[in-house]
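Written out below as structure tokens is the structure these notes cover.
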Amino acid sequence: MSSAVFIPLIPSAAAPVRIRKESFLAGCQRLIAQLFTSRRAPAAAVDAPVLTAFQEAERVRAMADDLLKTDPDLAQELYAAADRHEYAHATLA
């Protein structure tokens with residue numbers, strides 16, 4: 001049994017230069033086509049509920065609570081960021 005792997009999309013070095021060039025260009029065209037046709041928003045981003053500034057700040061505070069024992073400096077930064085975010089987006093009554 002042979003351990004060689006045959007990839008039909010890549011011509012061998014013995015193939016004429018024209019065939020290798022055409023194969024390379026065809027591969028580049030497929031790659032570019034895939035890059036530009038797969039630019040869609042993920043379904044989760046489309047279906048995600050809109051959160052208020054308070055809800056977003058609460059999520060950041062929950063992350064800070066989880067980090068409080070392992071990285072208290074980062075937790076304090078997250079608490080401060082949550083407060084700034086909530087204050088910046090507060091609606092004045």
Side-chain angles (χ1 to χ4, degrees):
M1 180 193 257
S2 173
S3 63
V5 176
F6 177 70
I7 302 173
L9 298 177
I10 301 172
S12 69
V17 174
R18 180 182 56 81
I19 294 173
R20 288 186 290 172
K21 181 180 174 185
E22 288 173 0
S23 178
F24 174 75
L25 292 175
C28 289
Q29 287 175 342
R30 285 193 304 269
L31 175 65
I32 290 170
Q34 286 293 322
L35 286 174
F36 287 108
T37 57
S38 64
R39 301 268 182 190
R40 291 182 290 177
V46 175
D47 299 334
V50 177
L51 299 176
T52 64
F54 174 76
Q55 291 169 323
E56 291 173 340
E58 284 298 307
R59 285 188 175 186
V60 173
R61 288 186 188 105
M63 286 190 293
D65 291 339
D66 293 340
L67 292 170
L68 194 55
K69 288 185 180 180
T70 57
D71 194 351
D73 293 333
L74 178 59
Q76 291 301 321
E77 291 292 330
L78 289 174
Y79 287 129
D83 290 342
R84 286 191 303 268
H85 177 71
E86 193 173 8
Y87 179 75
H89 294 88
T91 55
L92 300 175

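Residues take their numbers from the sequence shown, with the count starting at 1. Model, not experiment: these values are computed from the prediction.
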For V60, the rest of its hydrophobic cluster, which grows through side-chain links under 4.5 angstrom: M63, L67, L74, L78

Is Y87 isolated, or which residues cluster with it under the ILVMFWY side-chain rule of less than 4.5 Å, directly or via members? none

Enumerate the residue pairs fulfilling side chain to side chain donor-acceptor pair (under 3.5 Å) with a member in residues 51-67, sequence neighbours excluded, ordered by first and then second residue. T52-Q55, E56-H85, E58-R61, R61-D83, R61-E86, D65-Y79

